[in-house]
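Let me begin by presenting the structure, written as structure tokens, before commenting on it.
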Amino acid sequence: MPRTKTVVPGRRRRKKVMAAVKGNFSGRRKLYQTARETLTRSLQFAYEHRRNKKREFRSLWITRINAAARINGLSYSTLISGLKRANIEVNRKLLADLAVRNAAAFAQLAEVAKTAVA
């Protein structure tokens with residue numbers, strides 16, 4: 001049986017790496033070993049940042065809700081507490097969107113929360 005060589009699969013593997021690092025600077029796109037290291041690192045960052053993105057957006061929503069709540073004479077925690085006591089289930093993403101786009105609707109929710117807390 002003849003000896004098989006890994007020319008075709010190996011070349012395919014290398015081409016896949018080189019195609020993925022296209023757009024990088026200097027040896028990071030021209031040299032295979034450096035390109036592979038760059039790709040590994042970039043994929044790891046992408047994995048981490050997909051998870052961090054969720055945390056960062058929640059933090060942003062909370063900041064926006066807090067700012068709008070303070071305009072209406074409440075703190076963030078009292079607003080959330082009041083909405084829970086009034087059995088209003090609105091997620092933070094929607095609350096933040098209301099705070100930015102529809103201040104009147106947010107003010108109504110804030111009033112409901114105030115009456116529920118008091």
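Keep in mind it's a predicted model, so treat the numbers as computed, not measured.
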Taking only residues two or more places apart in sequence or in another chain, which ones pass side-chain hydrogen bond (donor to acceptor under 3.5 Å, both in side chains) with E48?
Q44
When you compare the side chain of Q108 with that of V112, does any pair of heavy atoms fall below 4.5 Å?
no
Determine the minimum heavy-atom distance between R64 and A99, stating which atoms define it.
O-CB, 4.2 Å
CZ (R58) and CG (N91) are apart, to the nearest 0.5 Å, by 9.5 Å
Cut-off 3.5 Å, no hydrogens considered: what does the side-chain donor-acceptor table look like for residues 29-39, sequence neighbours left out?
residue, atom, partner, partner atom, Å
R29, NH1, N24, O, 2.9
T38, OG1, T34, O, 2.8

Restricting to side-chain hydrogen bond (donor to acceptor under 3.5 Å, both in side chains), what partner residues turn up for R50, sequence neighbours left out?
none
With a 4.5 Å heavy-atom cut-off, do R11 and R14 have their side chains touching?
yes
Salt bridge or not for K114 and E111, using N-O below 4.0 Å?
yes
For residues 65-84, run the donor-acceptor check on the side chains, cut-off 3.5 Å, and write out each pair with its distance to 0.1 Å, sequence neighbours left out.
residue, atom, partner, partner atom, Å
N66, OD1, R70, NE, 3.2
N66, OD1, Y76, N, 3.3
N72, ND2, A68, O, 2.9
S75, OG, S77, OG, 3.3
S75, OG, T78, N, 3.4
S75, OG, T78, OG1, 3.0
Y76, OH, R92, NE, 2.7
T78, OG1, S75, N, 3.0
T78, OG1, S75, O, 2.9

Go through the structure and list residues passing side-chain hydrogen bond (donor to acceptor under 3.5 Å, both in side chains) with N102, not counting sequence neighbours.
none
Using 30° and 60° as the class limits, which term best fits the ring planes of F45 and H49: parallel, tilted or perpendicular?
parallel
CG on D97 to CZ on F106, rounded to 0.5 Å
11.5 Å
Linked, directly or transitively: L109 and I62 (ILVMFWY side chains, under 4.5 Å):
yes
Pairing residues for R41 by the side-chain hydrogen bond (donor to acceptor under 3.5 Å, both in side chains) criterion, not counting sequence neighbours
none
